[in-house]
Amino acid sequence: MNHKQIHIKKFGGTSVGSIEKIEQVADRIAKDKLLGQNPLVVVSAMSGETNRLISLATQIAPSCRGQAYDMLLASGEQVSVALLALALEKRNIKATPLLAHQVGIKTDSLFSRARIQEINTKQIKTCLKMNHIPLVAGFQGVTNGNTITTLGRGGSDTTAVALAVAFKQSECEIFTDVPKIYTADPRLIKKATQIPKLSFEEMMEMSSLGSQVLHCRSVEIAAKYKIKIHVRSTFEQTEGTWILPKEEFMENPLVSAVTHDRNTVIIKMYPVPSGTEFIANLFTMLAEKHISVDIISQSYHKEGQRLAFSITAEDLEAAKKIIYEIIEQKKVHIIEGLAKLSIVGVGMANHPGVAARFFKVLNKIGVDMHLVTTSEIKISAIIDKKYLSEAAQAIHEEFILIY
Ligand code: ASP
Ligand code: MG
């Protein structure tokens, strides 16, 4: 490769969560630089900051979105990128803090879920040539008209991977507060163990199923451009978890991880007009409001058509508005207090019987499912939230996660 190697390093919110931690990140960058690396750094907002900004906005208007909202949220990264620049300056290391408009991170204009369309490499290249470390504010972009946008919660990962694409790099480091990705959330499952490597496909499923390790879009881009992601600890020198193409695996684990999502709501409708017109219209209206529907179940009965689907709890109010416009309230049942429990593993594709084992475990502990869905490499079931912990432990136990 004739491109100079650049070391793209993204530090998450917990890594820059206090002045003390920002100083530690600056030490780590300084050390890497001394070792001859050529860092290009991306930072998130200090942990808790984006939530704080959201709560300020929602005190004024509960479901506000748009230009002002994104401008507000993007300010978190401006603070951390500037503080890190000061910390490096103090160490006599030249670094340039850059916001999205300075770099030229162009996105579409879908506020709060903007997608990066293009990154201008000129400004960063100039920094690198002057031997300055470019420090890029993650999570933000600008439209063609220079209006600030944000990439969706957790979006700094995507900034980092997109920079790796723009600079034709083959790797990207994502620094966080844990040494590796776990087989399940250790706060829910004490016996969760560390995973040395995962395939892009598995990580993508995990991200979309509620694991908050990486922004789903970042893994999509990494998979498309074959950029290896190294998720590792900011505060330890240890090797973390590698997210790699499937081809790099000698053997595929049956189940790599158990994930969960506590924000699920099911909307059931019965009876709905027969045929597909009603369903097509309903889902078009939901899509127009950017409400994504997760699991869908539809069936015919003598008495009429039944429809059930799940969405995330945050979208419930917006979804209700649409639904009650087109169907009588008494035909709609909303079930809250649910969680989605899933298992993910590339090995599942070639092994029958995984679903049977999954259901047997739930049956043994007496947990019912509201909706279930499978793909080649995952099984997800929506259950009552009060059983989540017990069910997750039992599922984790069943599919012994040994590497
Ligand atoms: N600060 C943003 C968030 O909390 C983006 C990120 O952390 O990646 O969602
Ligand atoms: Mg994150």
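Both ligands and their constituent atoms are indexed starting at 1 by order of listing.
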Side-chain donor-acceptor pair present, Q37, K9, cut-off under 3.5 Å: yes
Identify every side-chain donor-acceptor pair in residues 127-137 under 3.5 Å, counting partners at least two apart or on other chains, and give the distances.
residue, atom, partner, partner atom, Å
N131, OD1, K33, NZ, 2.7
H132, ND1, T96, OG1, 3.2

Distance-only side-chain donor-acceptor flag, E202 / S199, under 3.5 Å: yes
Passing candidate, side-chain hydrogen bond (donor to acceptor under 3.5 Å, both in side chains) with K340, options D294, T264, D261: D294
Contact residues of ligand 1, where a non-hydrogen atom lies under 4.0 Å away: S44, A45, T50, E77, F139, R153, G154, G155, S156
Centroid separation F235 to F175 less than 6.0 Å: no
I119 and V103, any side-chain heavy atoms less than 4.5 Å apart: yes
